[in-house]
Amino acid sequence: MSEMRQITYRDAVREAMCEEMRRDENVYFMGEDIGAYCGAFGVSKGMLEEFGPERVRETPISETAFMGAGVGSAVTGMRPIVELMFSDFMAVCYDQIINQAAKMHFMFAGKVNVPMVIRTPAGGGTGAAAQHSQSLEQMYLHVPGLKVVVPSTPYDAKGLLKASIRDNNPVVFLEQKRLYKEKGMVPDEDYIVPLGKADIKREGTDVSVITYGRMVQMSLGVADKLAEEGISVEVLDLRTLSPLDTDAIIKTASKTHRVVIVHESVKFGGFGGEIASTITDSDAFYYLDAPIKRVGALYCPVPFNPVLEAETFPTPAKIEAAIREVL
Amino acid sequence: MSEMRQITYRDAVREAMCEEMRRDENVYFMGEDIGAYCGAFGVSKGMLEEFGPERVRETPISETAFMGAGVGSAVTGMRPIVELMFSDFMAVCYDQIINQAAKMHFMFAGKVNVPMVIRTPAGGGTGAAAQHSQSLEQMYLHVPGLKVVVPSTPYDAKGLLKASIRDNNPVVFLEQKRLYKEKGMVPDEDYIVPLGKADIKREGTDVSVITYGRMVQMSLGVADKLAEEGISVEVLDLRTLSPLDTDAIIKTASKTHRVVIVHESVKFGGFGGEIASTITDSDAFYYLDAPIKRVGALYCPVPFNPVLEAETFPTPAKIEAAIREVL
Amino acid sequence: MEAFVNHMKEFDVEDKTLLEDKEFLRELMVRMMTVNKFEEEAFWLFGQGLVHGTMHLSVGEEATGVGTTAALKKEDYLLATHRGHGQALGKGVDINDMMAEILARGTGTNHGKGGSMHICDFDNGILGANGIVGGNGPIACGAALTIKMKHIPDRVCAAFFGDGAANEGAILESMNLAAAWDLPVLFVLTNNQYGMSTQLERVVKNQDLRQRADAFGFKSYECDGNNVLAVYETVREARDYIVAGNGPALVVEHTYRTSGHSKSDGNLYRSKEEIQFWKDNSPIVRFRKYLVEQGLFTEEEVDAMQAEADKKVADSIEYAKAQPQPVVEDLEADVYAD
Amino acid sequence: MEAFVNHMKEFDVEDKTLLEDKEFLRELMVRMMTVNKFEEEAFWLFGQGLVHGTMHLSVGEEATGVGTTAALKKEDYLLATHRGHGQALGKGVDINDMMAEILARGTGTNHGKGGSMHICDFDNGILGANGIVGGNGPIACGAALTIKMKHIPDRVCAAFFGDGAANEGAILESMNLAAAWDLPVLFVLTNNQYGMSTQLERVVKNQDLRQRADAFGFKSYECDGNNVLAVYETVREARDYIVAGNGPALVVEHTYRTSGHSKSDGNLYRSKEEIQFWKDNSPIVRFRKYLVEQGLFTEEEVDAMQAEADKKVADSIEYAKAQPQPVVEDLEADVYAD
Ligand SMILES: Cc1ncc(C[n+]2csc(CCOP(=O)(O)OP(=O)(O)O)c2C)c(N)n1
Ligand SMILES: Cc1ncc(C[n+]2csc(CCOP(=O)(O)OP(=O)(O)O)c2C)c(N)n1
Ligand SMILES: [Mg+2]
Ligand SMILES: [Mg+2]
């Protein structure tokens with residue numbers, strides 16, 4: 001067995017970047033205030049010192065230009081990691097992501113690859129209000145050509161990011177702001193977590209909670225609590241949303257016959273629909289003993305006030321209630 | 001009974017704009033090449049002559065600036081209709097739509113309204129390839145604060161557009177390129193089709209096809225064909241995707257017990273998931289006699305070649321097959 | 001940094017009649033002191049955990065918010081930035097309501113739904129601050145379009161933005177649109193030399209941002225942004241130019257932010273000396289010196305202004321703290337207008 | 001329109017040694033004729049229902065695509081526009097493969113998946129044409145960044161864009177980024193006086209688009225875009241300037257599109273006379289006249305060039321028509337790279 005260390009989610013992200021930049025000189029890192037400032041969330045601490053300003057490349061506040069510069073450098077031999085300071089800012093550079101990066105490999109008949117990672121902190125719970133708190137994975141997921149990753153632990157964050165950097169496609173890597181300070185065990189040695197594979201974070205038999213990102217931890221907490229009552233909750237962490245591990249979804253649904261889906265993004269039009277439909281499209285439908293419940297954010301912009309904000313997002317109580325409903 | 005005339009979908013859109021501009025001087029129309037050129041699809045023929053260049057306002061190719069100008073004018077007393085030449089171009093002005101227009105009413109505590117319509121031609125089947133053929137309704141739907149409308153007939157197009165222009169919220173009005181030349185009956189007199197109400201375009205008892213936009217016509221064709229075999233298909237046209245008429249969905253599912261969902265947008269992560277989940281979240285779930293099948297576009301950018309392109313989208317054959325699967 | 005120090009001219013005013021209006025001078029100083037105190041106190045409350053989220057202070061830049069808005073009319077529209085406390089207070093937002101919003105109360109300007117980055121006050125023409133850098137430029141064009149289409153006389157729409165925002169496509173497109181359509185937009189560029197930690201010289205090759213107005217074909221002005229009278233005079237001139245029907249204008253106001261970018265700022269990208277230099281030359285320090293040296297006010301009188309500002313802010317905190325939390329009702333019912 | 005006619009100078013060349021290289025002159029002419037014929041034939045096929053979708057012709061603008069690319073090296077990168085046939089053919093794409101793509105064949109440059117708006121040829125540095133106006137600017141910055149980071153000598157990345165695209169945020173941001181980072185980007189502005197139906201003067205207040213380069217701090221050039229030799233000379237100079245390590249450069253090429261914008265164009269926004277004027281002064285007409293008047297080639301020799309171009313295009317059509325449709329396999333399997 002390899003040695004393990006306890007590090008934060010934030011450190012895990014940084015380690016993945018640094019190790020890959022040491023391994024492959026074509027990997028470089030670009031974004032706003034990622035040098036001396038170390039990024040808005042302090043992720044890139046020390047990277048400017050180690051790699052210098054060419055490879056830790058600070059940009060003007062021109063997301064379209066630098067996102068596209070990522071694309072252009074990727075198709076000519078580099079492997080950029082582009083940091084978008086908040087995931088909400090995707091809206092000012094969406095064209096370069098969905099109409100350019102996502103489509104090039106297909107539209108150009110496979111003659112070119114776009115090996116590029118877009119790293120960006122997503123989610124709410126920080127009091128940052130409507131324009132800095134969104135979970136917009138759906139806006140990437142639905143676009144053929146992008147891969148979408150949402151890690152829930154330091155171990156996954158490091159392994160998935162390394163896999164993303166080595167992947168030859170544009171990968172949108174949605175870090176969870178609220179998890180940056182969370183700690184977890186990570187091996188000393190090089191490892192990757194393959195894209196496209198879900199992970200059962202807790203085995204159970206009575207009901208499946210299918211989730212990802214910050215909601216994994218919250219769901220595990222609820223599972224612990226319900227275990228005391230003898231309710232056995234299985235928690236499936238999707239980890240990669242696209243390509244989606246549909247087998248794992250169908251398997252857990254067929255096993256427990258009861259499903260609750262949890263995501264932090266808005267429930268209406270959210271990814272929960274796809275997950276639920278994956279089940280009801282398939283023969284797992286026949287195993288279901290109850291409606292599939294989805295827990296997601298309310299249909300409203302994220303309000304500033306902390307009490308209102310908390311009301312907006314899934315809570316342990318809401319998850320618990322949904323589980324009880326399907327039992 | 002009022003007089004009816006047969007007009008095209010394109011004419012219906014124009015009539016709605018002209019009538020509302022005559023009725024209310026605060027309504028104006030803005031976009032690229034909407035004057036002498038009459039827009040890329042000829043929708044605005046004659047409008048420059050009638051209303052002049054102030055109210056039929058041609059813009060630079062600066063979608064962010066003019067979409068935002070629509071927002072700014074809406075919050076100060078105007079009622080803009082903004083045309084985006086192709087719906088794919090939303091990606092260059094997405095911020096003004098989702099982070100500005102959609103959020104202002106809520107974020108500013110209801111102290112301001114954003115009465116604005118974004119009209120844009122959506123969909124494929126025209127050989128225009130990957131960057132000019134998308135159906136991106138999901139990218140609006142999932143954003144609280146926007147209303148999303150997709151008309152399937154000239155009657156609905158005119159009535160829904162008039163309702164949208166009179167609505168005090170930002171409405172994304174997704175016209176169906178492939179329907180512009182389709183004809184249908186429209187009353188002479190003023191009428192609106194209220195937002196948020198689905199419409200049963202064909203009554204049936206064996207299976208419900210839930211759909212919208214161009215796929216309504218295609219589904220009706222399939223229903224006609226299956227009727228010859230004695231299979232009775234109900235076709236529910238959602239018309240407004242947000243706010244969604246969930247009652248109508250649950251009602252038809254509870255009635256026929258079998259559901260097929262059809263949309264032109266990519267199946268994965270698409271609105272079909274929400275529709276299916278609306279059913280499986282509810283007690284209608286208990287009425288279902290078969291899995292819910294979704295028919296949507298393949299997970300790939302839209303290819304140029306017409307044979308490949310046709311393969312990408314739902315076809316009558318695919319819809320028919322899905323219906324047969326659930327019977 | 002030298003380039004910036006060069007923008008700092010000797011403190012003076014061209015239009016000497018301004019010096020006759022002592023009430024006006026006093027008001028300018030009290031407003032700057034109020035903005036300054038408001039932010040220091042808000043930051044203090046933040047440190048105490050009483051304020052949520054993030055907050056961007058404009059300490060050191062008080063002359064830009066106050067001087068600019070002093071030259072605007074109440075009916076003028078204004079689109080503020082993430083660093084907009086001074087812009088909003090200058091334009092006339094009620095300080096109590098604004099402090100209540102900072103404390104996320106149900107009676108705040110946004111009923112607790114917006115916070116520091118989204119302060120609005122439609123009665124005073126404040127169409128909202130924006131958390132998206134540059135996102136306000138296009139909206140400003142639209143408000144100016146309303147002025148134009150409705151033929152409203154003597155009104156402009158001011159859009160504040162920073163040296164960093166100047167490189168956003170949204171701002172650049174807006175400059176061109178406003179010029180092409182002769183819209184009454186007043187582009188107010190607060191050049192505080194940094195976008196977050198990024199020195200202007202690292203993100204532009206040509207630091208003379210006025211040339212962008214030249215390129216798009218409209219008039220520009222610049223001023224020592226740490227001289228509140230110079231800011232006032234320059235903006236007044238620019239506003240006159242706009243309302244005369246000449247289309248948009250740009251005013252570049254050179255200043256410096258002595259506070260950190262936001263709560264997460266460790267100031268690792270600049271020296272203590274640099275910050276100290278600008279603290280010593282802050283708009284309030286310089287204006288005080290001028291007022292006293294010119295014999296317009298005594299030190300004691302200026303101290304009284306400070307006391308007045310302090311009291312306003314203290315009162316606003318007391319007011320805000322007494323305000324109720326927003327009621328948790330049906331949030332989804334607030335999404336759409338009727 | 002007058003302003004534009006003024007950009008049209010007497011047809012001449014500064015570097016007279018160019019006139020000694022008759023093979024080069026011949027090649028330029030054959031290429032322009034090939035582009036012209038290619039588009040006319042493609043449009044004909046379109047009218048016959050053999051081509052799908054839409055198509056943007058550059059008839060009248062042949063000197064910009066051909067003259068510009070003649071001054072580039074094979075290894076230089078190029079990002080083309082929706083009106084990119086001349087850009088691609090000039091840069092070296094195989095005419096047969098390109099015609100096959102227009103006819104949506106399985107052996108076309110994009111295996112039938114791209115069509116006219118997305119022609120690519122990575123072996124010749126063509127990183128793809130773009131259907132999003134201005135969308136190629138940022139990508140060009142990235143390709144130039146690769147050149148810079150890998151210290152590749154004597155290479156530039158050319159980004160074509162139009163007078164309409166010049167107002168897209170993507171282009172404006174890219175200009176600033178390229179300048180700030182000293183990237184070897186050659187911005188090629190094909191000023192054909194219209195964005196679709198929209199005259200330049202209606203969408204900018206300052207029609208001198210070179211001043212945008214000034215504003216962002218980099219060098220610009222302009223030329224009579226209907227004089228293929230002037231285009232060649234100007235781009236050569238700009239390219240030399242860039243590879244010497246000076247950062248980006250802008251070349252404004254003034255020209256005119258005599259064909260419609262696309263299939264849907266009724267030409268309602270301009271007069272027959274205007275179009276005729278520019279047909280009479282097309283790059284091919286003017287170059288022919290010059291070559292003959294200077295005694296460099298006889299009329300017959302020029303006719304032979306036309307015949308050569310015609311044959312190339314005819315052959316490409318024959319080739320393309322014989323190519324197979326793409327096999328309808330698993331489209332979803334082509335989405336991701338391994
Ligand atoms: C589109 C967008 N990009 C990035 C940010 C993050 N951000 C917030 S303030 C800021 C710096 C802005 O600099 P400047 O425009 O000079 O204004 P200043 O903060 O100096 O007042 C940045 C990068 C943002 N809020 N929005
Ligand atoms: C982002 C975007 N907006 C609008 C269009 C529609 N459109 C295609 S070409 C064109 C005109 C472009 O004008 P210009 O840049 O001058 O190039 P030209 O067509 O004259 O060659 C427009 C508006 C588009 N394809 N992409
Ligand atoms: Mg700044
Ligand atoms: Mg043009």
Side-chain angles (χ1 to χ4, degrees), chain A residues 31-43 45 48-49 53 57-68 85-86 88-93 95-96 124-134 266-268 297-313, chain C residues 51-55 82 101-106 108 110-118 130-135 162-172 194-200 202-204 261-262 264-270 325-336:
Chain A
E32 290 161 3
D33 301 288
I34 58 175
Y37 205 102
C38 310
F41 295 90
V43 171
K45 204 168 160 193
L48 176 64
E49 288 75 0
R57 181 167 281 273
E58 293 192 273
T59 67
I61 312 177
S62 308
E63 287 83 1
T64 296
F66 74 73
M67 189 60 70
M85 195 183 283
F86 281 78
D88 314 68
F89 306 161
M90 59 86 94
V92 300
C93 54
D95 183 67
Q96 291 296 327
T126 67
Q131 294 175 335
H132 287 73
S133 302
Q134 297 168 89
V266 172
K267 179 181 168 189
F268 184 74
L298 295 186
Y299 185 82
C300 66
V302 178
F304 169 60
N305 177 285
V307 182
L308 298 186
E309 184 185 13
E311 183 69 18
T312 311
F313 291 121
Chain C
V51 179
H52 237 65
T54 189
M55 183 177 291
H82 60 285
E101 185 62 29
I102 300 285
L103 288 181
R105 301 304 159 121
N110 304 45
H111 299 183
K113 289 184 182 131
S116 165
M117 264 192 295
H118 303 296
N130 215 307
I132 303 295
V133 164
D163 49 295
N167 298 324
E168 280 285 4
I171 291 292
L172 294 163
Y194 289 86
M196 214 156 155
S197 69
T198 310
Q199 291 83 358
L200 178 61
R202 292 204 285 133
V203 288
V204 300
H261 163 74
S262 73
S264 64
D265 194 342
N267 281 319
L268 297 172
Y269 52 88
R270 53 184 186 171
Q325 290 285 330
V327 188
V328 183
E329 352 99 79
D330 185 1
L331 287 166
E332 294 186 327
D334 295 344
V335 173
Y336 291 125

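Computation of the quantities below employed the complete heavy-atom set of this structure, encompassing side-chain atoms and omitting hydrogens, waters and symmetry-equivalent molecules. Chain letters run A, B, ... following the sequence lines, proteins first and then strands; every chain starts at 1.
With no hydrogens or angles considered, a side-chain donor-acceptor pair links C/S197 and A/D33 at under 3.5 Å.
Residue contact with chain A, scored on non-hydrogen atoms closer than 4.5 Å, involves the backbone and the side chain of C/D265 alike. In this structure, no portion of C/V204 lies under 4.5 Å from any heavy atom of chain A. In this structure, the portion of C/M117 lying under 4.5 Å from any heavy atom of chain A is its side chain and not its backbone. Only the side chain of C/V335 comes within contact range of chain A, with heavy atoms under 4.5 Å apart. Looking at C/V328, the atoms closer than 4.5 Å to chain A (heavy atoms on both sides) sit in the backbone and in the side chain alike. Using a 4.5 Å cut-off between heavy atoms, C/E101 contacts chain A through both its backbone and its side chain. Heavy atoms closer than 4.5 Å to chain A are found nowhere in C/A166, neither backbone nor side chain.
For A/G127 against C/H52, the heavy-atom pair with the smallest separation is CA-CD2, 3.6 Å.
Here CG of C/D334 is found 13.0 Å from OH of A/Y299. Values are rounded to the nearest 0.5 Å. The CD1 atom of C/I171 sits 11.5 Å away from the OG atom of A/S62 when rounded to the nearest 0.5 Å. How far CD1 of C/I102 is from CZ of A/F304: 6.5 Å, rounded to the nearest 0.5 Å.
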